[in-house]
Amino acid sequence: MITAATMRDPGAMRHRSMLFVPGSNASMMSTAYVYGADAIMFDLEDAVALREKDSARLMVFHALQSPVYAGTDTVVRINPLDTPYGRDDLEACVRAGARTIRLPKTDSADDIRELEHEVEDVERDCGREVGSTRLMAAIESASGVVNAVEIAQASPRMVSIALAGFDYVIDLQTTRSREGTELFYARCAVLHAARVAGIAAYDVVWSDVNDEEGFLAEVELIKRLGFNGKSLVNPRQVPLLHEAFAPTEDELAHAQVVVAAAEKAERDGLGVVSLGGKMIDAPIIVAARRTIAFADASGVRRQERHA
């Protein structure tokens with residue numbers, strides 16, 4: 001019999017959009033929640049100058065406790081733990097209630113295990129429920145790509161793995177192109193690692209905010225590959241991404257029929273789902289549920305017409 005457990009989607013959508021917000025930009029931090037991103041990612045690393053690290057950490061600490069972010073999924077990109085700032089970032093953000101910590105420059109599973117140990121120490125010290133802080137690994141090097149499966153499985157706290165393109169292409173001794181050919185292997189490796197671990201996978205940022213055509217072409221690519229979503233650097237990209245991930249009217253209608261047939265088969269105690277004389281197996285049902293989830297989150301696009 002097909003059960004709810006059988007139809008569990010290991011890559012279930014968590015976020016489509018994660019909007020980077022510089023931890024040193026007070027005005028953007030005070031308004032970022034209005035743009036409708038699925039997650040706000042406060043950045044204490046590359047977006048913050050060295051002289052502003054301490055003040056940015058304090059601002060993020062207060063933002064995480066602000067009522068305006070109470071209903072928002074908050075992520076903090078801390079500095080690496082081997083820098084003078086990483087452990088202070090972690091201490092402040094876990095105490096302030098960050099839901100997810102994003103570790104940059106993750107090269108191995110040991111990096112995640114070290115982070116997990118540090119997070120648990122802070123949780124115990126401040127009285128936060130042990131295990132409540134989730135972890136995300138950012139893959140930014142050839143080593144990280146090669147070790148992606150081990151990284152993705154390194155901790156039960158891991159909820160996602162993200163590819164960060166800028167440092168990665170430098171490590172590969174190449175440059176970022178509009179077509180993204182240089183990222184293809186890394187995207188596939190990170191995505192497969194996420195699926196093996198049953199966590200989400202997120203794509204690189206598109207930095208040219210004025211090139212909407214290029215952005216949408218890249219979104220279509222990563223959607224077809226199977227990514228759950230994308231890191232974003234500009235609020236204007238949020239509605240574009242959500243619209244691109246929205247199913248068409250026909251896609252939603254078909255998904256609803258598939259799920260209805262599956263639910264009826266389960267109620268009737270049948271081990272097989274049939275629709276229109278054809279067998280419907282578990283992966284098709286999982287895909288249908290995912291389509292409905294995207295429709296719930298994004299709305300529905302008008303049916304695409306082709307000449």
Side-chain angles (χ1 to χ4, degrees), residues 8-20 37-43 45-46 73-81 86 90 93 98-119 131 133-169 171-172 180 182-206 218-219 221-233 241 245 290:
R8 176 181 177 269
D9 180 5
M13 181 188 68
R14 293 171 177 85
H15 310 136
R16 297 155 298 171
S17 55
M18 288 188 290
L19 179 63
F20 272 100
D38 293 328
I40 298 297
M41 190 185 311
F42 297 117
D43 187 11
E45 195 210 9
D46 287 346
D73 212 344
T74 50
V75 181
V76 180
R77 180 167 75 166
I78 64 171
N79 287 277
L81 295 179
L90 189 64
C93 295
R99 297 187 184 181
T100 305
I101 299 296
R102 174 164 165 154
L103 183 68
K105 300 174 176 62
T106 308
D107 290 334
S108 71
D110 286 341
D111 293 337
I112 294 299
R113 286 191 279 266
E114 180 186 15
L115 176 64
E116 179 184 40
H117 176 74
E118 296 287 340
V119 168
T133 310
R134 305 175 302 191
L135 306 182
M136 175 192 303
I139 305 300
E140 307 185 35
S141 67
S143 295
V145 170
V146 170
N147 295 325
V149 173
E150 290 78 12
I151 290 169
Q153 296 178 309
S155 167
R157 294 177 183 258
M158 285 286 292
V159 293
S160 52
I161 186 169
L163 180 62
F166 182 73
D167 285 352
Y168 173 74
V169 296
D171 197 34
L172 256 61
E182 68 285 346
L183 296 174
F184 188 75
Y185 174 77
R187 280 175 165 146
C188 292
V190 166
L191 180 61
H192 279 77
R195 296 300 172 256
V196 169
I199 62 177
Y202 297 99
D203 189 48
V204 301
V205 300
W206 179 268
E218 184 162 273
V219 170
L221 170 65
I222 63 109
K223 180 183 174 184
R224 287 186 177 277
L225 286 174
F227 278 85
N228 297 82
K230 195 169 181 64
S231 301
L232 307 177
V233 293
L241 178 67
F245 267 79
R290 187 165 57 244

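The residues of the chain are indexed from 1 along the displayed sequence. No hydrogens, no waters, no symmetry mates; every other heavy atom, side chains included, goes into these values.
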Query - R102 vs S231, side chain to side chain donor-acceptor pair (under 3.5 Å): CA-CA, chis, key distance, verdict - result: CA-CA 12 Å; R102 174 164 165 154; S231 301; 3.3 Å; yes
Requested in this report: Kindly determine whether I161 and I139 satisfy side-chain contact (heavy atoms from CB on, under 4.5 Å), including the steps that lead there.
Outcome: CA-CA 7 Å; I161 186 169; I139 305 300; 3.7 Å; yes
Requested in this report: Step by step, work out the side-chain contact (heavy atoms from CB on, under 4.5 Å) result for D73 and R134.
Outcome: CA-CA 11 Å; D73 212 344; R134 305 175 302 191; 2.5 Å; yes
Report task. Determine, step by step, whether L115 and I78 satisfy the side-chain contact (heavy atoms from CB on, under 4.5 Å) criterion, reporting the C-alpha distance in whole Å, the side-chain angles of both residues, the deciding distance to 0.1 Å, and the verdict. Result -> CA-CA 11 Å; L115 176 64; I78 64 171; 4.2 Å; yes
Query - Verdict with reasoning, E182 to L172, per side-chain contact (heavy atoms from CB on, under 4.5 Å) - result: CA-CA 9 Å; E182 68 285 346; L172 256 61; 5.6 Å; no
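When all heavy atoms of S17 and A37 are compared, the pair lying nearest together is OG-CA, 3.4 Å. A pairwise comparison of heavy atoms in A98 and T133 identifies O-CG2, 4.0 Å as the closest pair. Residues W206 and V233 approach most closely at O-CG2, 3.7 Å, considering heavy atoms. What you find for L191 and A201 is that their closest heavy atoms are CD1-CB, 3.9 Å. In plain terms, the two heavy atoms of I151 and M158 that are nearest each other are O-CE, 3.7 Å. Summarising the geometry of R113 relative to A154, their closest heavy-atom pair is CG-O, 3.9 Å, with the distance given to 0.1 Å.
With rounding to the nearest 0.5 angstrom, the CE atom of M136 is 10.0 Å from the CD1 atom of I101.
Only one option out of R224, K223, R187 pairs with E218 in a salt bridge (Lys or Arg N to Asp or Glu O under 4.0 Å); it is R187.
Side-chain contact of D107 with S141: a donor-acceptor pair under 3.5 Å is present, judged by distance alone.
E150 is linked by a side chain to side chain donor-acceptor pair (under 3.5 Å) to nothing, counting only residues two or more places apart in sequence or in another chain. For S155, the side chain to side chain donor-acceptor pair (under 3.5 Å) test picks out E116, with sequence neighbours left out. The side chain to side chain donor-acceptor pair (under 3.5 Å) test applied to D111 returns no partner, not counting sequence neighbours.
Formation of a donor-acceptor pair under 3.5 Å by the N228 side chain with backbone atoms of Y202 is not found in this model. The main-chain N or O of V119 is never found under 3.5 Å from a side-chain atom of R157 such that the two would form a donor-acceptor pair. Checking side-chain atoms of D38 against main-chain N and O of R16 turns up a donor-acceptor pair under 3.5 Å.
Looking only at side-chain heavy atoms (C-beta outward), E140 and L163 stay at 4.5 Å or farther from each other. When side chains are defined from C-beta on, L221 does not count as touching F227, because their heavy atoms never get closer than 4.5 Å.
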